[in-house]
Amino acid sequence: MPDATLHESILLVLGLLFAMLLLVMLGQKLRISYPIFLVLAGLVLGFVPGLPRIVISPDLIFLIFLPPLLYQAAWETSWKDFWRWKRPIALLAFGLVFFTSTLVAYVSRAMIPGFTLPLGFLLGGIISPPDAVAATSVLRGVQVPRRITSILEGESLINDASSLIVFRFALATVLSGTFVWQQAASSFLLVSVMGLAVGLVVAHGFYLIHKYLPTTPSINTVLTFIAPYGMYLLAEEFHFSGVLAVVSGGLLLSFRSHRVFDADTRLQATSVWASVGFALNGLVFILIGLELPVVVEGLGTYSLGQAIGYGLIISVLVIVIRLVWMFPAAFVPRWLFRSIRTQEASPGWQGPLIIGWAGMRGVVSLASALSVPLLLSNGQEFPQRNLMLFITFVVILVTLVFQGLTLPLLIRFTGVENLEERMPTDAQEAGIRLRLRHVALAHLAQHYPDDIRENELISALQHRMQAEAQRTGNLLEALDYDDTKRQALKRYHHVLLDVLQVQREELFVLRREDVFEEEMLRHQEAQLDLDEAKISHMPH
């Protein structure tokens with residue numbers, strides 16, 4: 001008979017997952033970004049009498065949650081945009097993390113009785129990295145220049161690694177009582193470089209599997225889930241950066257995926273990853289709120305008022321540090337190097353302000369704080385552990401809730417949504433389609449001239465593509481259209497979607513008539529899904 005504890009654990013996970021889904025739907029009704037709403041809801045649920053106390057294992061977050069979430073973020077990141085904005089990304093992911101850790105270390109030592117400098121650096125390494133999911137979830141509901149989202153996404157890929165490295169060395173200093181700068185610097189380089197190397201090697205191995213072995217869409221999809229865990233575990237086994245391994249490997253496989261994945265694999269993997277990534281993110285954020293009552297109970301000698309005061313001061317400090325860092329980081333390189341001024345448009349005051357305010361903390365800070373050991377190597381209790389845990393939770397709550405709720409208001413106040421420096425998305429969409437139509441027509445004319453003359457189906461294909469190219473060209477010329485033309489295009493999309501809905505209803509009628517095979521009906525339904533997705537992504 002199955003173990004009762006196992007039953008309870010499974011029921012708890014399923015209950016949390018179901019509660020998370022209900023809360024996300026409620027958050028959508030209230031138009032609140034789901035990471036913010038889940039943390040607040042988890043906090044409320046955690047203090048409900050009778051509910052079981054949930055104690056999160058740091059290994060659970062680092063091993064179960066972190067590799068796939070990092071891999072998904074790397075997969076969805078544009079390598080071209082990442083490389084284009086490598087300077088601001090590096091200044092945030094490395095410079096700001098070290099700057100924040102240092103200031104937090106000295107302020108916490110001066111403010112909190114008994115807090116040493118190594119403990120301060122440990123706390124700084126914990127709370128220095130912002131959370132990518134929180135920022136992108138908030139930004140999804142508003143329009144901002146691609147430059148801002150690219151920098152935030154790129155920062156989130158690397159700052160986890162740099163903050164965890166600071167955390168690792170600070171923890172080693174607390175445990176051993178010694179710290180040597182030269183040794184720390186060389187170890188940092190070794191951990192970082194070898195983490196990148198492990199990720200690239202493992203990713204290349206998976207690339208060869210995808211390319212040369214007889215895989216199917218289902219096999220390819222499962223392999224994409226094995227890959228991040230393989231990269232992370234192998235790097236951590238040799239005490240290298242598992243985070244950088246997953247990031248570098250994910251970027252490489254994403255960049256090469258078009259060479260090994262067919263359309264079926266891309267459709268299947270994208271759908272599966274979207275669902276799994278959403279579930280993992282949602283569970284992490286609701287667990288953040290649920291864990292706070294456990295941390296409060298463990299404060300020990302500190303009163304709740306004292307701990308809240310320390311947490312609020314550190315929260316304000318990390319917010320101010322990020323804002324202060326942003327403007328010199330954005331403008332000093334432009335003042336020093338003429339090449340930057342000529343190649344990059346000025347970010348204005350709006351861009352640095354938005355990026356500076358999008359510094360919400362989340363899953364990595366939670367996992368780092370929970371991974372602080374209970375005891376020192378000599379068996380004594382780890383100093384200030386519970387207070388550091390509580391401060392971390394306060395920082396997560398303050399930055400996630402306060403900054404997350406006010407970020408859309410700040411974006412609208414600055415008017416940054418009207419400052420897109422590149423070609424508008426609708427013009428890019430029409431331009432891409434026009435290029436694809438032209439290259440297809442040229443290929444038909446060059447390689448299949450006889451078929452076009454003799455085969456009515458291929459001739460009809462050419463005429464249809466010519467007509468589509470003409471319509472796309474007309475649309476591209478009219479992309480400076482006024483409100484009347486916009487409304488006409490919007491109405492066109494509405495009619496197309498309505499026609500597809502009628503066809504779906506007819507498929508339902510055909511199912512009841514029991515004339516056609518179910519497999520063929522499903523095939524036609526999938527084609528309607530593709531057509532609807534294509535229309536939904538048309539410029540409007």
Side-chain angles (χ1 to χ4, degrees), residues 210-211 214-221 256-271 423 425-481 485-540:
H210 287 301
K211 186 172 184 179
T215 59
T216 64
S218 297
I219 293 174
N220 282 326
T221 302
R256 290 185 168 184
S257 63
H258 68 284
R259 298 182 179 179
V260 293
F261 287 171
D262 56 18
D264 290 337
T265 296
R266 280 191 293 272
L267 288 171
Q268 180 171 319
T270 300
S271 300
M423 186 188 301
T425 54
D426 48 6
Q428 293 187 53
E429 188 95 28
I432 292 170
R433 292 209 312 273
L434 186 60
R435 284 283 298 272
L436 294 179
R437 297 286 187 271
H438 283 167
V439 73
L441 287 168
H443 186 76
L444 283 173
Q446 181 178 355
H447 295 281
Y448 304 100
D450 295 336
D451 294 279
I452 292 172
R453 288 192 301 269
E454 300 170 3
N455 189 317
E456 291 183 2
L457 291 175
I458 297 177
S459 177
L461 172 65
Q462 184 193 43
H463 290 312
R464 186 170 70 250
M465 297 191 73
Q466 287 173 337
E468 290 172 349
Q470 181 63 42
R471 286 197 301 269
T472 305
N474 293 338
L475 175 62
L476 195 57
E477 292 175 1
L479 277 176
D480 56 348
Y481 41 67
K485 292 178 180 177
R486 284 186 182 276
Q487 290 301 320
L489 187 60
K490 196 171 184 179
R491 182 63 180 171
Y492 169 69
H493 290 158
H494 173 77
V495 171
L496 284 176
L497 292 173
D498 188 53
V499 169
L500 286 175
Q501 182 58 34
V502 171
Q503 291 177 313
R504 289 183 192 282
E505 293 172 0
E506 184 64 20
L507 278 177
F508 181 74
V509 173
L510 292 175
R511 278 194 173 94
R512 289 192 300 177
E513 291 177 356
D514 197 23
V515 175
F516 302 99
E517 294 181 6
E518 180 67 21
E519 183 180 355
M520 299 308 299
L521 293 173
R522 288 181 183 273
H523 178 75
Q524 290 301 319
E525 188 176 41
Q527 185 60 51
L528 292 179
D529 291 339
L530 291 174
D531 291 341
E532 182 174 341
K534 182 169 64 175
I535 294 169
S536 300
H537 288 85
M538 282 184 178
H540 48 76

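In this chain, residues are counted from 1 in sequence order.
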Quiz prompt | Nearest-0.5 Å distance that lies between atom CG in Asp451 and atom CD in Glu456 | solution = 13.0 Å

Quiz item: In Å, rounded to the nearest 0.5 Å, how long is the span from CZ of Phe261 to CG of Leu267?
Solution: 12.5 Å

Quiz prompt | Heavy-atom side-chain contact between Arg453 and Ser459 under 4.5 Å | solution = no

Quiz item: Hey, what do you get for CD1 (Ile219) to OG1 (Thr265), rounding to the nearest 0.5 Å?
Solution: 9.5 Å

Quiz item: Which pair of heavy atoms, one from Val260 and one from Lys211, lies closest together, and at what distance?
Solution: CG1-CB, 3.4 Å

Exercise. Quick one: closest heavy-atom pair of Gln268 and Thr221, and the distance?
Key: NE2-OG1, 3.5 Å

